[in-house]
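Input: a single structure, listed below in structure tokens.
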Amino acid sequence: MPVSRPTGSHSGHCSRSSASIPAREWSTRNRAMAHARTGASGSYRFGCRAGQPCALSRRFDLLNRRPLSSRMQTMTVVTRFAPSPTGFLHIGGARTALFNWLYARHTGGKFLLRIEDTDKERSTQEAIAAIMESLSWLELDADEEPLFQSTRAQRHAEVAREMLAAGKAYRCYCSPEELQAMRDAARAEGRPVRYDGTWRDRDPSQAPAGVSPVIRLKAPQEGETKIVDRVQGEVTVANAQLDDLILLRSDGTPTYMLAVVVDDHDMGVTHVIRGDDHMTNAFRQTQIFQAMGWDVPVFAHVPLIHGPDGAKLSKRHGAVGAEAYRDMGFLPEAMRNYLLRLGWGHGDDEIIATGQAIEWFDLDGIGRSPSRFDMAKLTALNLHYMKEADGGRLARLTAPLLAARLDRALDQSEMALLTAAMPSMKERAKTLVELAEQTEFYFHPRPVRPDEKASKVLTPEARAAIAELREELATVAEWSAEALEAVVRGYAERVGLGLGKVAQPLRAALTGRTVSPPVFDVMAVFGRDEALARLQDATVV
RNA sequence: GACCCCUUCGUCUAGCGGUUAGGACACAACCCUUUCACGGUUGAGACACGGGUUCGAUUCCCGUAGGGGUCGCCA
């Protein structure tokens, strides 16, 4: 659904800034660098739609060629996910990405990705790769190539200079030490910890020599700043609570606060959906938007996800990368369903496939209280999606896990066997890891080496019975689970034993375990020759 | 400390002035059953507290308590 936004002063400032900056040039450069980085960081591929120009170049194509009126009409939703690459994509980030993606898909808008790598100290290629990998696993595809914020420093600085020229910003010559002293004093006296505006109205001629200044926003000091948040509602803060934030550091590099606003504006972001740890940033960012005369995007601040104990997510439970859940054997669709239901609801619905989620998702359904991460529920959901999943797909996903356990790869016939084992297997495994554990016996070579419990089952009497049964089974015309079951049941009845008394030795002989899928399925999966051979093995001690 | 946000079963949530407060996960019992699971049935389990407003509050308002977030030339 298209969202109409009043354009107002938007177009004026927009064209002004694009006139002063060779837009085509920097956007192209940015794109080139983004591609270069993508290539440089190696193997991951991100699901951008091929053959489309990136958001920025297209935007500036519009600005340069189209008449203004074409931009005055309804605008489609543009969301973005903007992680800083200082670590893996944790569960909260994954949910934020999911919500942005869902909202874009729901509205027929665009989902963009921006890597906020302006902190050169902490940003790493590994983190970028890990984040991309996680998003790719979760199948949250962006509609454009990712934008690397670090490539945009010039544009950010340009905007800061513009604000300076327009009297919306000023140079501040305070040293970090002075600032720290200011904060310490304020804290000690119980005053709000804010910059006191020392240089706000001072004449530049008083500037100390040899000190390179920062550029601060000349924020309004009276009145209040209001944000209209689709989750939190209207939230107002007195401007007296907000100080003059730094836009440009003394080394000329942009701060996060500036970079976010400029990029969101230039990318045409209409909806900012993010964790509510950014709530207070929204006020300051709003002030920057307003200083530039730009439209403020719609905000939606989503409550954070906590650990099972209600405290911040720690390494023990969920502050691990999303790909850790992949490694634990969860299916991406299960993860998406779980994350969706964490903080968002649609009546009593629990099982919500992605297609359904796209249809239903809306910002109003997001709850306002923080939620706790619950592995048990994720696991339950995973079981559901495992049951639904295609056997061939599950076999492909399980194969690497099995290969690791067996210390060898599966060959083609083994893959076929694994696939054949899936129908009886997948509804009793909660994760792919369990699936691997529980199918491993299929690939152990003969003779079967029964584990302790299975050995106890294989008494001499049991072995004798297996020998008898084997003879009968060998005569079965059609080697199917049904036919085999009929034979075994008939035998059990004849000798006056419960089916369990007969089935357990069979299970032990075939699998070397006391727990497995139904033995008839196991025999069917093994095939006549292998099954009979294993039974034969069990008759000799 | 200042500012902002939050508060329904253990957990995720439904509820949007009048309900036996619903569902899901987890838990318990039973059923099914060749093991393990799945599945089925049943059960236990919540409106943080105190004031208002109202004929009537889980729902609206105000406090209190508890929890969370933010207060960097980090993002």
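Chain A is the first sequence line, chain B the second, and so forth, proteins listed ahead of strands; every chain is numbered from 1. Note that the coordinates shown come from a computational prediction; the quantities given were computed from them, not determined experimentally.
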- Query: When we call it a touch if two heavy atoms are under 4.0 Å apart, what does A:R513 touch: a base, just sugar-phosphate, or nothing?
  - Reply: nothing
- Message: What's A:T118 touching, base or sugar-phosphate or nothing? Going by heavy atoms closer than 4.0 Å.
- Response: sugar-phosphate
Roughly how many Å apart are B:A37 and B:C5, using the C1' atom of each and rounding to a whole number? 43 Å
Per nearest nucleotide of RNA chain B, the residue lying toward the 5' end, A:S250 or A:Y338, is A:Y338
Could you run down [range] 5' to 3' and tag each one B, S or - for protein heavy-atom contact under 4.0 Å?
range                        : result
nucleotides 20-39 of chain B : --BBBS--------BBBBSS
nucleotides 3-9 of chain B   : SSSSS--
nucleotides 58-65 of chain B : --------

Check: Are A:S371 and B:U13 close enough that a side-chain N or O sits under 4.0 Å from OP1 or OP2?
Finding: yes
note: A:H156, atom NE2; B:A75, atom C1'; distance rounded to Å ~ 13 Å
For A:H156, the ring pair (Phe, Tyr, Trp, His ring centres under 6.0 Å) test, sequence neighbours excluded, returns none
The ring pair (Phe, Tyr, Trp, His ring centres under 6.0 Å) partners of A:F361 (sequence neighbours excluded) come to A:F99, A:W344
Output for pair (A:L138 CG, A:L339 CG), nearest 0.5 Å, gives 7.0 Å
If pairing means Watson-Crick or G-U wobble with both distances under 3.5 Å, then the partner of B:G66 is B:C6
message: So that I know where these two stand, are A:Y338 and A:Y385 an aromatic pair - ring centroids less than 6.0 Å apart?
response: no
Applied to residues 226-240 of chain A, the salt bridge (Lys or Arg N to Asp or Glu O under 4.0 Å) test, sequence neighbours excluded, yields A:K226-A:E234, A:R230-A:D364
*Please check if the side chain of A:T431 supplies one atom and the backbone of A:G329 the other of a donor-acceptor pair under 3.5 Å.*
no
